[in-house]
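Values below: all heavy atoms of this structure, side chains included; hydrogens, waters and symmetry mates excluded.
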Amino acid sequence: AEWRRGEFLRIESAAGDGSRAPAIGQAIWRFAGDPDAAVNLLLSHEADLLETVTSPDRISRLEADPAFVLMPYPAAVYGFLGFRVSEGPLADRAVRRGLARAVDRQTMALAVFGPGTIAPPGPMSQLSWLWSDSLAVLPFDSAGAGRALDEAGWPRGSDGVRRRFGLPLAFEILVPASSASRRRLAIALGDAWRRQGVEVAIAAVDFPAFQQRLQAGRFDAYIGAWLDEPSPRSLADQWTRAGWGTLNHGKYANPRLDTLVARALREADPGFAKRLWREAMDTLNADVPALFLYAPVQRAVVAKRLREVSLDPYRWLSGLSSWGVAEDRGGD
């Protein structure tokens, strides 16, 4: 019915086809500049529902308000740190494997996103049909990380910094400034790698600049989040050569992975296709083009006056026509 860019979208029920009119005649979907602004809209009772809240500090603020209840529902999201593997020290598979061993992904995921969060075994959410604890993932091993970086040709100097040919092992992590959780992940990753003698800087930029730098390849590593799709084709777009210039920002390529993905997409037998996908994921994990950091449980914040609310992680408002309100506020 009405849309103001960056402010709100107002929708009205289109009852009139003989079906029962929904209890909610109109709804307003408001847009906030960042997650804290969205939380403040609820705490000021200017909004009734937030489709997802992630960080433990925001959750505790909302739990303290008796007007709201937290509603967990399946999350179709996973987050990762992607490396630009086309040049520099991060182009070396041995360096990436050493860096991966230095990170306690599960502890980090719980600290940033709270209970129910799992460090995924690949590019997948907890909803993914591909999820399997049998997928091969490099374990957290701080001592092993140090040995791996030594063997890759980056020994520690007297000041503790790893160098080769006089140059330090150093890179930058790019994050969107609007995401406090991604900044926290970047800080935690930086701390883990500095303990290994790696120099890490963090660049927090506004989201348009973040997207522009990804498209232009102007980054060493970045923290991204992805809405998992039911179709496996998005895996090809993100992690094979076919995705260069679109979603495969790090320009990772492995001919074996490309072949496995192509075969899996063509395979008519679902069981055999799944085996091919799992072999592809093991190949991907061994190369470490990314660290798969978190697969959360989604938590919505819902005003207690709303009734019959259910959320689909792919289509948040799909069940709106069946929701109700406990009191009359003019049909809003």
Side-chain angles (χ1 to χ4, degrees), residues 6-11 23-24 26-79 106-120 125-127 175-188 204 206-207 223 225-228 293-320 322-330 332:
E7 296 182 31
F8 67 85
L9 177 73
R10 182 168 62 86
I11 58 178
I24 297 176
Q26 68 172 349
I28 298 172
W29 192 333
R30 297 184 62 171
F31 304 106
D34 58 60
D36 286 321
V39 168
N40 289 335
L41 284 173
L42 272 80
L43 293 174
S44 62
H45 295 184
E46 296 181 57
D48 294 295
L49 184 146
L50 179 62
E51 74 276 1
T52 179
V53 58
T54 52
S55 67
D57 59 325
R58 296 190 189 104
I59 290 172
S60 63
R61 290 174 64 199
L62 290 159
E63 283 181 322
D65 190 323
F68 296 101
V69 62
L70 263 70
M71 186 182 76
Y73 65 101
V77 174
Y78 69 88
Q106 182 58 37
T107 298
M108 189 180 299
L110 287 171
V112 175
F113 293 98
T117 306
I118 302 175
S125 73
Q126 293 190 46
L127 280 180
V175 296
S178 59
S179 175
S181 57
R182 294 197 218 181
R183 293 200 305 271
R184 289 181 64 192
L185 285 170
I187 291 168
D206 63 40
F207 197 72
I223 297 183
W226 188 256
L227 181 65
D228 210 357
L293 300 174
Y294 64 91
V297 171
Q298 211 86 299
R299 291 175 178 84
V301 185
V302 184
K304 290 181 179 178
R305 75 187 195 94
L306 294 180
R307 296 289 183 265
E308 307 300 328
V309 174
S310 62
L311 293 177
D312 181 327
Y314 296 105
R315 302 176 300 160
W316 288 313
L317 290 184
S318 61
L320 177 59
S322 65
W323 301 357
V325 289
E327 60 187 31
D328 183 12
R329 284 178 48 186
D332 291 354

Notebook entry, point to check: What's the spacing between R30 CZ and E7 CD if we round to 0.5 Å?
Noted result: 9.0 Å
Check: If you measure from CH2 on W29 to CZ on F8, what distance do you get to the nearest 0.5 Å?
Finding: 15.0 Å
Notebook entry, point to check: So with a 6.0 Å cut-off around CD of E46, is the heavy-atom count from everything else above 12?
Noted result: yes
Checklist line | Closest approach of P296 to A75 (non-hydrogen atoms, all atoms of both residues) | finding: O-CB, 2.8 Å
Checklist line | Taking every non-hydrogen atom, the tightest pair across P313 and L227 | finding: O-CD1, 4.1 Å
Margin query: What verdict does the side-chain contact (heavy atoms from CB on, under 4.5 Å) test give for V302 and W323, after you've listed the backbone C-alpha separation in whole Å, the side-chain angles of each residue and the deciding distance to 0.1 Å?
Written below: CA-CA 12 Å; V302 184; W323 301 357; over 6 Å; no
Checklist line | Contact summary for A109 and A119, nearest pair of heavy atoms | finding: CB-N, 4.4 Å
Next item on the list: Return the minimal non-hydrogen interatomic distance between R182 and P176, and the atom names on each side.
Entry: NH1-CG, 3.7 Å
Item checked: Side chain Q106, main chain T117, donor-acceptor under 3.5 Å -> yes
Item checked: Sequence-distant partners of D206, salt bridge (Lys or Arg N to Asp or Glu O under 4.0 Å), two or more places apart -> none
Margin query: Nearest 0.5 angstrom please: L62 CG to D57 CG, how far?
Written below: 10.0 Å
Next item on the list: Taking the side chain as every heavy atom from C-beta outward, state whether F113 and V297 have any atom pair closer than 4.5 Å.
Entry: no
Margin query: Tell me every residue that passes ring-ring contact (aromatic ring centres under 6.0 Å, His included) with F68, counting only those two or more places apart in sequence or in another chain.
Written below: H45
Notebook entry, point to check: Where do L293 and L185 land on the side-chain contact (heavy atoms from CB on, under 4.5 Å) test, with the steps shown first?
Noted result: CA-CA 9 Å; L293 300 174; L185 285 170; 4.3 Å; yes
Margin query: Using every non-hydrogen atom in the two residues, find where D312 and S318 come nearest and quote the distance to one decimal.
Written below: CB-OG, 3.7 Å
Note to self: For the CZ atom of R315 and the CG atom of L320, what is their distance to the nearest 0.5 Å?
What the structure shows: 12.5 Å
Check: Do the non-hydrogen side-chain atoms of R61 and N40 ever get within less than 4.5 Å of each other?
Finding: yes
Checklist line | Heavy-atom check, side chain of I11 versus side chain of L317, under 4.5 Å | finding: yes
Notebook entry, point to check: Counting distance only, does the side-chain N/O of Q298 pair as donor-acceptor with the main-chain N or O of L311 below 3.5 Å?
Noted result: no
Next item on the list: Give a yes or no on whether the backbone of E51 and the side-chain of Y73 come within a donor-acceptor separation of less than 3.5 Å.
Entry: yes
Check: Going by the salt bridge (charged side-chain N to carboxylate O under 4.0 Å, His left out) test, which pairs reach into residues 33-44, not counting sequence neighbours?
Finding: D36-R58
Next item on the list: List in chain and number order the residues that pass salt bridge (Lys or Arg N to Asp or Glu O under 4.0 Å) with R307, two or more places apart in sequence or in another chain; answer none if no residue qualifies.
Entry: none
Next item on the list: Just jot down the ring-ring contact (aromatic ring centres under 6.0 Å, His included) partners of Y314, sequence neighbours excluded, or say none.
Entry: none
Check: Just by modelled atom types, is the V69 backbone N or O under 3.5 Å from a matching donor or acceptor in the K304 side chain?
Finding: no
Notebook entry, point to check: In Å and rounded to the nearest 0.5 Å, what is the CH2 to OG distance from W226 to S125?
Noted result: 12.5 Å
Checklist line | Non-hydrogen atoms of E308 and S322 that approach each other most closely | finding: CB-O, 3.5 Å
Check: With sequence neighbours left out, what residues match L50 under side-chain contact (heavy atoms from CB on, under 4.5 Å)?
Finding: A38, V39, L42, V53, V301
Note to self: Using a 3.5 Å distance criterion without hydrogens, assess whether the side chain of R184 forms a donor-acceptor pair with backbone atoms of A111.
What the structure shows: yes
